[in-house]
Amino acid sequence: MGSLDRSSESEVITIDVKAAKGLHESGYIYLDVRTVEEFKKGHVRAEKIFNIPYMFNTPEGRVKNPKFLEEVSAICKKEDHLVVGCQSGVRSLYATADLLTAGFKDVSNMGGGYLDWVKNELPVEMEEEPKIEL
């Protein structure tokens, strides 16, 4: 995915999942940057939540969503308060840096991602019924 050698690197604020939950409860938008498939299997329960993938899975591996900033800008204003999360905290770090570089003012990265959220037994939602193997 490259390195974070951009001027916004020092501006990226990473918060833990409990702090993120508090921000959701105070009205922050949760931006889940995982794939649609990951999102449907389970995601953070938040009042304001959007799923805009930062990367797509392709036969050649993961590639960055070329329309990521455009898609976020279509639903969020640069003044909105955002918490960005992914599966483990890596994609969200890159996405947060890109959003800050693009001029978004208040964006935090949720460290540990959805895995840490689940590990801390915080509320989740699922759009797909879990498949039970018999």
I want to check something: taking the side chain as every heavy atom from C-beta on, are [X] and [Y] in contact at a cut-off of under 4.5 Å?
X	Y	answer
Asp98	Tyr94	no
Val84	Val107	yes
Tyr114	Arg34	yes
Val83	Ile29	no
Glu38	Gln87	yes
Leu100	Val12	yes
Thr35	Arg91	yes

So which atom in [X] and which in [Y] form the shortest heavy-atom distance, rounded to 0.1 Å?
X	Y	result
Val44	Ile49	O-CD1, 3.3 Å
Pro53	Phe68	O-CD1, 3.6 Å
Lys64	Tyr54	CE-OH, 3.4 Å
Val17	Gly111	CG1-O, 3.8 Å
Cys86	Ser92	SG-N, 3.3 Å

Query raised in the report: If you measure from the Lys or Arg side-chain nitrogens to the Asp or Glu carboxylate oxygens, is any gap between Glu79 and Lys105 under 4.0 Å?
Result: no
Query raised in the report: Between Lys21 and Glu25, does at least one N-O distance fall below 4.0 Å, as a salt bridge requires?
Result: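 Judged by the 4.0 Å cut-off on N to carboxylate O distance, Lys21 and Glu25 do form a salt bridge.
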Report task. Let me know which of Ile75, Val72, Val33, Asp32 forms a side chain to side chain contact (heavy atoms under 4.5 Å, CB included) with Phe50. Result ->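 Answer after filtering Ile75, Val72, Val33, Asp32: Ile75.
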Atom pair [atom1]/[atom2] of [X] and [Y] - distance to nearest 0.5 Å:
X	Y	atom1	atom2	result
Lys67	Leu69	NZ	CG	13.0 Å
Leu82	Lys77	CG	NZ	10.5 Å
Lys48	His81	NZ	NE2	8.5 Å

Ignoring hydrogens and geometry, is there a side-chain-to-backbone donor-acceptor pair from [X] to [Y] under 3.5 Å?
X	Y	result
Asn120	Leu122	no
Asn109	Thr96	no
Trp117	His43	no

Query raised in the report: In terms of side-chain heavy atoms, does Ser73 have a donor or acceptor partner in Glu70 at a distance below 3.5 Å?
Result: no
Query raised in the report: If we ignore angles and hydrogens, is there a donor and acceptor under 3.5 Å between the side chains of Tyr28 and Asp80?
Result: no
Report task. Begin from the C-alpha positions of Val36 and Asn51 and carry the test side chain to side chain contact (heavy atoms under 4.5 Å, CB included) through to its verdict. Result -> CA-CA 7 Å; Val36 171; Asn51 176 222; 3.7 Å; yes
Report task. Using the six-membered ring wherever Trp is involved, compare the ring planes of His24 and Tyr30 and label them parallel, tilted or perpendicular (cut-offs 30° and 60°). Result -> perpendicular
Query raised in the report: Would Leu23 end up clustered with Ile13 when hydrophobic side chains under 4.5 Å apart are linked, directly or stepwise?
Result: yes
**Report entry** same_hphob_cluster(Val118, Met110) at 4.5 Å side-chain heavy-atom cutoff
**Finding:** yes
